[in-house]
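In this chain, numbering begins with 1 at the start of the sequence shown.
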Amino acid sequence: MPNPTGATAAPLAGRRAQAARNDAVILEAARAVFLDDPKAPIAAVAERAGVGISALYRRYAGKEDLLRRLCHDGLGRYVAQAEAALAEPDGWQGFGAFLERVVDADVHSLTVHLAGTFTPTEEMGRDALRANELTVALVERAHATGRLRPDVVAEDVGLLLEGCAALRVPDPERTRELRRRHLAVLLAGLAVTDPPLPGPPPAAGEFDWRWRREE
């Protein structure tokens, strides 16, 4: 007989919570596996996560679907951190805090590895445009403070973040320390100073070729 109090909702909530935990485990395993080898089979993710391959396929149609999810999650974190930084009153401090949070979140380690391994969705394209708009706004606000050197462009931010992401040692906490130190050195170089930066700045879309999937 149905329970008029609705007590049956608790088991459903519990199952949803367990499914969410399983998904988090799978995504963390996938991140580790594909950071090590973007060409690794999806079975390696299931093995690392400690789940059956069927459990993984119930959540993701295949490897490409899983890669898209990982990359889109990273893009979402980037957008969220950029929006939070724009809400900070000081443009220079907000810019620096944004870079620190994105580096700590390790967004670029995976997205750069996965470039060209899957077909992005239209939603990802829209989010990528949003991320670029926010980056431009952060750079413009930092310029307005007079503390960011005038020849720095939004595309330089991506190169800076890739450089920090390239630093990795076996100890995660040491990796974080080294990245923070490297970022501090880079931020010091971004402050207003002479001489001007060498060469022309990165052009908008100059690195988009990486996202064209190889046939």
Is [X] salt-bridged to [Y], going by a charged N under 4.0 Å from an acidic O?
X      : Y      : result
Asp73  : Arg69  : yes
Glu177 : Arg181 : no
Asp106 : Arg179 : yes

Sorted by chain and residue number, the salt bridge (charged side-chain N to carboxylate O under 4.0 Å, His left out) partners of Glu47 (sequence neighbours excluded) come out as none
Does some side-chain heavy atom of Asp171 sit less than 4.5 Å from a side-chain heavy atom of Thr175? no
Minimum side-chain heavy-atom gap Phe34-Lys63 below 4.5 Å: yes
Tyr57 and Asp65: side chain donor to acceptor below 3.5 Å: no
With no hydrogens and no angle check, just 3.5 Å: does a side-chain donor-acceptor pair link Arg168 and Ser109? yes
Sorted by chain and number, sequence neighbours left out, ring-ring contact (aromatic ring centres under 6.0 Å, His included) with Phe95 holds for none
Side chain to side chain contact (heavy atoms under 4.5 Å, CB included) partner of Leu99, chosen from Leu160, Leu138, Asp104: Leu160
Tell me the closest heavy-atom pair linking Val139 and Ala154, and the distance in Å. CG2-CA, 3.8 Å
Check His143 against Arg149 and note the closest heavy-atom contact, atom names and distance. CE1-O, 2.8 Å
Near Arg180 CZ, under 6.0 Å, is it more than 12 heavy atoms from other residues, nucleotides or ligands? yes
Got a sec, which hydrophobics cluster with Leu167, joining ILVMFWY side chains under 4.5 Å apart, including via others? none
Side-chain heavy atoms nearer than 4.5 Å, only ILVMFWY residues, links allowed to pass through others: does that put Leu187 and Val157 together? yes
